[in-house]
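Just so it is clear, the values below take in all heavy atoms, side chains as well, and ignore hydrogens, waters and symmetry mates. Whatever order the structure lists ligands and atoms in, that order sets their numbers, starting from 1. No experiment lies behind these values; they were computed from the predicted model shown.
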Amino acid sequence: MIGTFERLRGLGPTPALAVLAGIAGVVGSYAAAGFTPSFVVAPIDSYLAAASPGFLITFAITVLGDLGQRIALLTAVGLAVAAFAALALVGTVAGREFAARADRLPGRTLAGPLLAAFGVAGLAFLLVPATAPALAAGGSTAAVLAVGEAARRSPPPGQSSGRRAVLTGLAGTLGVGALGYLFGNRAGGDGSAPGAAAAASTGSSAGSANPASTPDPAETERLLGAAAELSLDVEGIEPLVSRRFYNVDINSVDPKLAAEDWSLRVTGAVERELDFDYEEITSRASREEFVTLRCVGDTLNGQKMDNALWTVIDIEPLLAEAGITADSEQCCVMLHAADDYFEEFPMSALREGMLAYRMNGEPLPRAHGAPVRALIPGHWGEINVKWITEIEVLIEEKKGYWERKGWHGTGPVTPVAKLHAKNRLDDGRMEVGGHAYAGTRGVSRVEVSTDGGRSWSEATLSEPLPGDPRDAWRQWVHRYDPPGGEHEVVVRMFDADGDVQPREQAKPYPRGASGWVRETVRP
Ligand SMILES: Nc1nc2c(c(=O)[nH]1)N[C@H]1C(S)=C(S)[C@@H](COP(=O)(O)O)O[C@H]1N2
Ligand SMILES: [Mo]
C-alpha cells in the first residue's frame, strides 16, 4: 500500500492527469449515451442497488429518501472515474516505457493515450455493450492524456512541465465536459435524471410518435377538469390529480424504450405463449381510470402517494387468449421489466389489473414506465411494474426483487389518512387537511381530533372522482378554532364498510407503514 503510494508520488502530476482523463472518459460516455442505460455509470449504479443488503436499502428508502438514490449515483460515478483513471495511469506509464525504448518510432508518444483508450473503451464495452459510448469514453480519455502529455514534454518557458500538463489536461476535460453537456442532454434528455424526475411526470415520452388510437381528448379533458373542480381548496396539498407524481426506481437511470421496439410477452404456465406489440395493446378498447399509487416504503405521513388519470386496458382478456381461465390452477405471476426488475404476486390480483399507456392525457412519461406499465388496484406500488416486458405465469411462488430484500410489499395497501396541510387562516381559525387512501376498500369518512385523541369531529371529504374509481384517494379538510397553544392533531379514516383503520403505528419496513397520523400543531 505504502509502496504503491510512494510509486505514485514518484510519477509526479501523472496521477492527477489520469484522474482528469478518467473524468473525461465518463463524460465522453455521457455525451454519446445521455442519461440512459447505455451510460457507463448505469450498470454500476444498478449493481450497487442490487448488491446492497436489504437493511442498507431500507435505510436509504425510509431515512434518506431521494438522497439515497443520489448517493448511489455519485458512488457509481466515482467508481467509474476511478476505474478509467487507473487504466489511464497504467496506459500512460506503459506508454512512456515503450516510447523510451522505441525512441525513433514516429508517433511513439501516442502509445500511452492509445493504450489507455483501448483499456477504457474495452472496460466500457464490457459494462455496456454499446459501441458509440465505449468509443467516446476511450477517445475522450485518450484526448485528455494526449494534450496533457504533449504539454508536459514541451512546457513554455518559465512553467513547470507538471503544472502545465495538469492545466492542459483540465482544459481538455472541461472541453469534453462542454460537449458532454451539449450532446448528453440531447441523447438521454427528457428530464428523467433523478433531479428532474418530478418534472418528467407531465413531460414527453417515447410514445410521442405513437401511431395508436388515443382516447377521445375531450373526454380526458372533461375528467381532468372534473378532478380539478372537485379538489378541495386547501393550501399545501396535492389536488385530486397530483401535480408532482412521486417516483421510486431501483436504478438511478431509467430505461428508454421506443414504443415501436417494445413488446409484451405472456410466458410460463400458459396454454399459448403470446407476444403483443405496442400497436396491438393500444388499439384495444381502452378507458380512462383514476388510480392512486402508494409505495410500501412510504413513511406514515410521507409523500410517496399520488393519484393520476390513466388510459388503460384490462389484463384479463390477454390472459384468456393465453388459455388461462378463471378456474385455472396457476397461483401467481412474475412481472418482468426492462430494468431487470421483477415482482411476483397472486394471479387473482393480476386478473383485476390493467396496462396503462397514457397518464393525465399524455403518453406515459419515461419516468413512470414508458411505453407501458402495469396498474394493480389496491396493492402497494411495487407490483405496478413499469417498462413491463413480460408476464410470466407461475405454478409455484417465487420471490420478487423487494421480497428478496426482506420486504412484504405485494399485498393490499394499509389504510391511511395523511396530514400535510396545517394552515393558519385569515380569520384566526386553523385548517388541517390531507389525503385518505385505503386501496379498493374505499374511504367513507375521516375523523380529526385536535386534542390528542380525546374528542373527534368529522372532516369534510372531497366528492368521489367521476366514474367512482375503485382505487382512488379522497381529500379531507377540517377547520377549527385553535386552543391557546401547541396541540396534537390526530387523524383516522374509515373504509367503505365503516371500519376504522388500526390505530397502532408501524414503520414502513417490512409491510408498509400503518396507524393513525399524529402531528403537533402550533397555531
Ligand atoms: N420496472 C420497475 N417498475 C417499478 C419500480 C422499479 O424500480 N422498476 N418501482 C416500483 C415501486 S417500488 C413503486 S412504489 C412504483 C412507483 O411508481 P412511480 O415511480 O410511477 O410513482 O413503481 C414500481 N414499479
Ligand atoms: Mo414502492
Side-chain angles (χ1 to χ4, degrees), residues 37 42 45-46 49-50 52 54 57-58 60-62 65-66 68-69 72 191-192 194 196-203 205 238 241-257 262 264 291-299 302-310 334-345 353-360 362 364-376 378-391 400-414 437 439 473 508-513:
D45 172 88
S46 58
S52 299
I57 300 269
T58 305
I61 292 178
T62 59
D66 297 336
Q69 196 141 44
S192 291
S201 49
T202 50
S205 82
E238 286 282 4
V241 167
S242 301
R243 281 196 206 100
R244 294 172 54 119
F245 202 103
Y246 80 92
N247 235 190
V248 175
D249 305 306
I250 54 170
N251 301 325
S252 299
V253 186
D254 292 340
K256 191 176 189 199
L257 308 175
W262 172 89
L264 172 67
V291 177
T292 301
L293 291 184
R294 183 182 177 204
C295 182
V296 69
D298 184 33
T299 51
Q303 305 268 9
K304 286 184 167 45
M305 177 169 110
D306 278 297
N307 185 58
L309 178 66
W310 312 84
M334 184 79 82
L335 302 190
H336 298 266
D339 57 347
D340 290 336
Y341 184 72
F342 52 97
E343 276 299 340
E344 186 256 25
F345 58 94
M354 300 163 269
L355 295 174
Y357 56 93
R358 294 176 76 81
M359 183 180 186
N360 300 330
E362 305 273 344
L364 191 63
R366 178 177 164 201
H368 295 291
V372 179
R373 80 175 299 166
L375 291 177
I376 313 295
H379 284 245
W380 291 112
E382 62 168 63
I383 66 171
N384 292 257
V385 172
K386 306 190 273 189
W387 312 291
I388 186 171
T389 54
E390 183 182 345
I391 298 175
Y401 183 95
W402 289 113
E403 284 52 52
R404 286 200 192 170
K405 293 189 185 292
W407 290 84
H408 296 275
T410 62
V413 295
T414 55
Y437 175 57
W473 67 7
Y509 185 81
R511 297 173 193 279

Rounded to the nearest 0.5 Å, how far apart are CZ of F345 and CG of L335? 4.0 Å

Does the distance from a Lys or Arg side-chain N to an Asp or Glu carboxylate O, for K386 and D249, drop under 4.0 Å? yes

Is there a side-chain contact between R294 and T414, using heavy atoms and a 4.5 Å cut-off? yes

With a 4.5 Å cut-off on side-chain heavy atoms, are W473 and D306 touching? yes

Tell me, please, which residues at least two apart from W380 pass ring-ring contact (aromatic ring centres under 6.0 Å, His included). none

Using heavy atoms and a cut-off under 4.0 Å, could you grab the residues that are in contact with ligand 1, chain by chain, numbers ascending? F245, Y246, N247, V248, D249, I250, C295, A337, D339, Y341, H368, R373, G381, E382, N384, V385, K386, W387, W402

What are the two closest heavy atoms between G439 and V413, and how far apart are they? N-CG2, 3.5 Å

